**Student:** 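One structure is given below, represented as structure tokens, and several questions about it will come after.
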There are 2 protein chains.
Amino acid sequence: MNAVALIDKDRRTQAERTALSDARMLDAAVELICAKGTIKTTLKEVGVVAGYSRGLASHRFGTKDQLFTFIVRSVGELWLKELSLAVKEEVGVNAIGAAIDAHQAFITQGANNIRAFYILWFNSIGPDRGLREVVANIHLRRQKDVESWIQKGIANKELCATIDYQGAAQNFCAAIIGIVYQWLADPENVERIKELHTILKAQTTLALGKTH
Amino acid sequence: MNAVALIDKDRRTQAERTALSDARMLDAAVELICAKGTIKTTLKEVGVVAGYSRGLASHRFGTKDQLFTFIVRSVGELWLKELSLAVKEEVGVNAIGAAIDAHQAFITQGANNIRAFYILWFNSIGPDRGLREVVANIHLRRQKDVESWIQKGIANKELCATIDYQGAAQNFCAAIIGIVYQWLADPENVERIKELHTILKAQTTLALGKTH
DNA sequence: TTTATTATTACTTGTTGCGAGCAAGTAATA
DNA sequence: TATTACTTGCTCGCAACAAGTAATAATAAA
């Protein structure tokens, strides 16, 4: 049973109660982060906006950092699902192309949770926070995915075996982050974001140099 | 007279006093940001570590945000000077190549102020903070610089006139940000950072497609 | 030119309000 | 009645500001 279906019930299991409050607080936190940023977002307000007491977010998540970690994990999992759905069984350049298309769709659809996700992503940079590790982990998983697409493309004879697949994957992931930065810095300019994705696709195709 | 020369004096002008305390607090803030991150860095500690009272940083800068703005401005100006020194009169692909080399040198030399600068840069993302505007402004100046290098390369007949110089500049700046992200996420891996710069140089050269 | 006097600027200390984080409570479900 | 979900009460630390003290500067009398 999903969170929406729980709203109308007047009696819920304990598991349902936490699932509902988690979902509501996640929503509230996402809205607050998009509206006021991570610094001005308070645990107190997250609880209250979600319809609970001032103390619940503190009690549930412990610290602000852990709340943010929860958000990044939740949205991160969502994204990875969408991604594998989009890429399916593709390999090599086609997989990367599909991933770029999915990423573009994902960020231009403009849902606040994606925005909050990337705001937290960038804010995690620096020595503070356990959030850093979670983000680093997602970033690494992305990179490994890209590496495996390239490797499978090589196995397929579609791509040249001499390719530095690790370097190419790192470069690709760096470029994605750069594009996301541009998007967050200037969210209105949707056309440019699309264009940057297109350029990246062309560059990656060129760099991987299909053998046929 | 520079800040270092002021340290031994037992009588300073008011201007010299503020210059010295500014410099000392900037140093302290940079160290603290690199050591503990922006969140755990307190105005109180910045003042004390700099050798003043707990209240001076608050009094001088007003808010944490304005202290951070001061740091980004200071280091940002430094970087722009280094950059114009490195690029000199170059145009087109050569200018971009020189800028990439300078950037690589700048970040791999590992000074804490650059690190703090980029930590603040990424932390500025999101709706909060006046810092956001300062960073956006520096980012834009970078982009305009790159655009003008390309345009001069076109005027020179070195580059093809049909190039989308704005798109190319945005793509380039996005890529730089992506590389910086990788650096901050994994600062130890200096070789990879160098490699990413090299790849970017090659890709940009390719994308701009010299006419001769 | 020196030195006393006042004005200005740099810095410090006192204080308030607010949020994080924790402990001890109440209310819901099992 | 036992367990789990949630709330309320509380403490501590920091940001932010106000009101203080200490340094330099400007003026003027000697």
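Each chain gets a letter, A, B and so on, in the order the sequences are listed, and its residues count up from 1. What you see is a predicted model; the values in this text were computed from it and never measured.
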**Student:** Taking for each residue the nucleotide of DNA chain D bearing the nearest heavy atom, is the 5' side occupied by B/Glu45 or by B/Ala15?
**Tutor:**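 It is B/Glu45, whose closest nucleotide lies nearer the 5' terminus.
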**Student:** Counting the atoms with a prime plus P, OP1 and OP2 as sugar-phosphate, which does A/Thr42 contact under 4.0 Å by heavy atoms, base, sugar-phosphate, or nothing?
**Tutor:**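 If one applies the 4.0 Å heavy-atom cut-off, A/Thr42 turns out to touch the sugar-phosphate alone, with no base involved.
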**Student:** For A/Thr63 and B/Thr18, take the nucleotide of DNA chain C holding the closest heavy atom to each; which residue's nucleotide lies nearer the 5' end?
**Tutor:**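 Upstream on the strand: B/Thr18.
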**Student:** Would you mind pulling out the nucleotide paired to D/dA26, Watson-Crick or G-U wobble, both distances under 3.5 Å?
**Tutor:**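 Result: C/dT5.
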**Student:** For this output row, return yes or no: ring centroids of A/Trp79 and A/Phe117 closer than 6.0 angstrom.
**Tutor:**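 Here the rings of A/Phe117 and A/Trp79 have centres that are no less than 6.0 Å from each other.
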**Student:** For C/dA30, which nucleotide is its Watson-Crick or G-U wobble mate, given both distances must be under 3.5 Å?
**Tutor:**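 For C/dA30, the partner nucleotide comes out as D/dT1, under the 3.5 Å rule.
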**Student:** Closer to the 5' end of DNA chain D via nearest nucleotide, is it B/Thr41 or A/Gly55?
**Tutor:**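 Between the two, 5'-proximity favours A/Gly55.
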**Student:** Hey, are the side chains of A/Leu78 and A/Asn113 touching, using non-hydrogen atoms and a 4.5 Å cut-off?
**Tutor:**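 Yes; the side chains approach each other to less than 4.5 Å.
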**Student:** Going 5' to 3' along DNA chain C, which nucleotides are the first and last within contact of chain A (any atom under 4.0 Å from a heavy atom)?
**Tutor:**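 For DNA chain C, the relevant span reads C/dG19 to C/dA30.
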**Student:** Hey, could you give me the CG/CD1 distance between B/Asn171 and A/Ile179, rounded to the nearest 0.5 Å?
**Tutor:**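 B/Asn171 CG to A/Ile179 CD1: 7.0 Å, rounded to 0.5 Å.
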**Student:** Look at all strands and tell whether A/Arg54 reaches a base, only sugar-phosphate, or nothing, counting heavy atoms closer than 4.0 Å.
**Tutor:**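 Result for A/Arg54 = base.
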**Student:** Take atom CG of B/Leu56 and atom C1' of D/dA23, then tell me their distance rounded to the nearest Å.
**Tutor:**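 Taking CG of B/Leu56 and C1' of D/dA23, I get 13 Å after rounding.
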